[in-house]
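Note that these values count all heavy atoms, side chains included, but never hydrogens, waters or copies made by symmetry.
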Amino acid sequence: MTTAREIMTEGAECVGERESVLDAARKMTELGVGALPICGEDNKLKGMLTDRDIVVKVLGAGKDPASCTAGELAQGEAVTIGADDDAGEILRTMAAHKVRRLPVIDGHTLVGMVAQADVARALPDLQVGDLLEALSTD
């Protein structure tokens with residue numbers, strides 16, 4: 001069975017929990033991504049920051065992105081997948097939590113990201129279709 005390690009995009013970059021949302025937005029722009037994992041000073045994953053979070057929770061709320069930190073937007077425990085978890089677990093986790101991107105961890109170390117596009121490239125159309133349907137329903 002295909003594992004997260006086999007389909008993930010390696011080398012995911014984090015935004016530090018104390019970095020400003022403005023710096024995070026610049027990093028997203030440079031990397032051409034719509035989400036970044038938020039990592040603490042202990043190198044543990046604290047959450048995910050999406051471009052939508054920036055627009056809705058910062059700009060839309062009238063906050064200053066230069067003074068708001070990424071860590072302020074980390075909510076609860078981050079949804080992750082283990083590097084050696086199989087494709088079925090990836091699909092179940094994405095569908096259950098309605099997420100399009102999963103940080104991949106090996107122990108407590110971030111080793112990559114599995115995005116909906118990675119799943120679409122690696123798995124049969126039927127499984128991908130089921131995932132898209134699960135992510136599209138309320």
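Listed here is the closest heavy atom pair of Lys57 and Ala61: O-CB, 3.5 Å. Listed here is the closest heavy atom pair of Ala115 and Met94: C-CE, 3.9 Å. Pairing each heavy atom of Ala78 with each of Gly47, the nearest pair is CB-CA, 3.7 Å. Minimum heavy-atom separation, Glu19 to Asp23: OE1-CB, 4.1 Å. Closest of all the heavy-atom pairs between Val15 and Ala24 is CG2-CB, 3.6 Å. Nearest heavy atoms, Ala70 versus Gly16: CB-O, 3.7 Å.
Salt-bridge formation is not detected for the pair Lys27/Glu30: no Lys NZ or Arg NE/NH1/NH2 atom is positioned less than 4.0 Å from an Asp or Glu carboxylate oxygen. Look at Asp85 and Arg5 and you find no salt bridge, because none of the NZ, NE, NH1 or NH2 atoms lies under 4.0 Å from a carboxylate O.
Contact of the Val104 side chain with the Thr80 side chain is not registered, since no non-hydrogen atoms from C-beta on lie closer than 4.5 Å. Using a 4.5 Å cut-off on side-chain heavy atoms (C-beta onward), Met8 and Met113 make no contact. Considering only heavy atoms from C-beta on, Met28 comes within 4.5 Å of Ile54 through its side chain. Side-chain contact check for Val79 versus Leu102: some heavy-atom pair is nearer than 4.5 Å. Side-chain atoms of Val33 and Leu36, non-hydrogen and from C-beta on, do get closer than 4.5 Å to each other. Using a 4.5 Å cut-off on side-chain heavy atoms (C-beta onward), Asp86 and Arg92 make contact.
Taken to the nearest 0.5 Å, the CD atom of Gln116 stands 13.0 Å off from the CD1 atom of Ile90. In this structure, the separation between CG on Leu110 and CD1 on Ile38 is 12.0 Å, given to the nearest 0.5 Å. Rounding to the nearest 0.5 angstrom, the gap separating the CG atom in Leu31 from the CZ atom in Arg26 is 14.0 Å. Atom CD1 of Ile105 sits about 7.0 Å away from atom CG of Leu45, to the nearest 0.5 Å. Once rounded to the nearest 0.5 Å, the distance linking CD1 of Ile81 with OG1 of Thr93 reads 4.0 Å.
No hydrogens or angles considered: a donor-acceptor pair under 3.5 Å links the side chains of Thr9 and Asp118. Judged by distance alone, the side chains of Thr109 and Asp106 never bring a donor and an acceptor atom under 3.5 Å apart.
Taking the disulfide (SG to SG under 2.5 Å) definition, one finds that Cys14 meets it with Cys39, sequence neighbours left out.
Note on Leu91 and Val99: same hydrophobic cluster, where clusters join Ile, Leu, Val, Met, Phe, Trp and Tyr whose side-chain heavy atoms are under 4.5 Å apart, directly or indirectly.
Put simply, the side chain of Glu6 gets close to the backbone of Thr3: a donor and an acceptor are under 3.5 Å apart.
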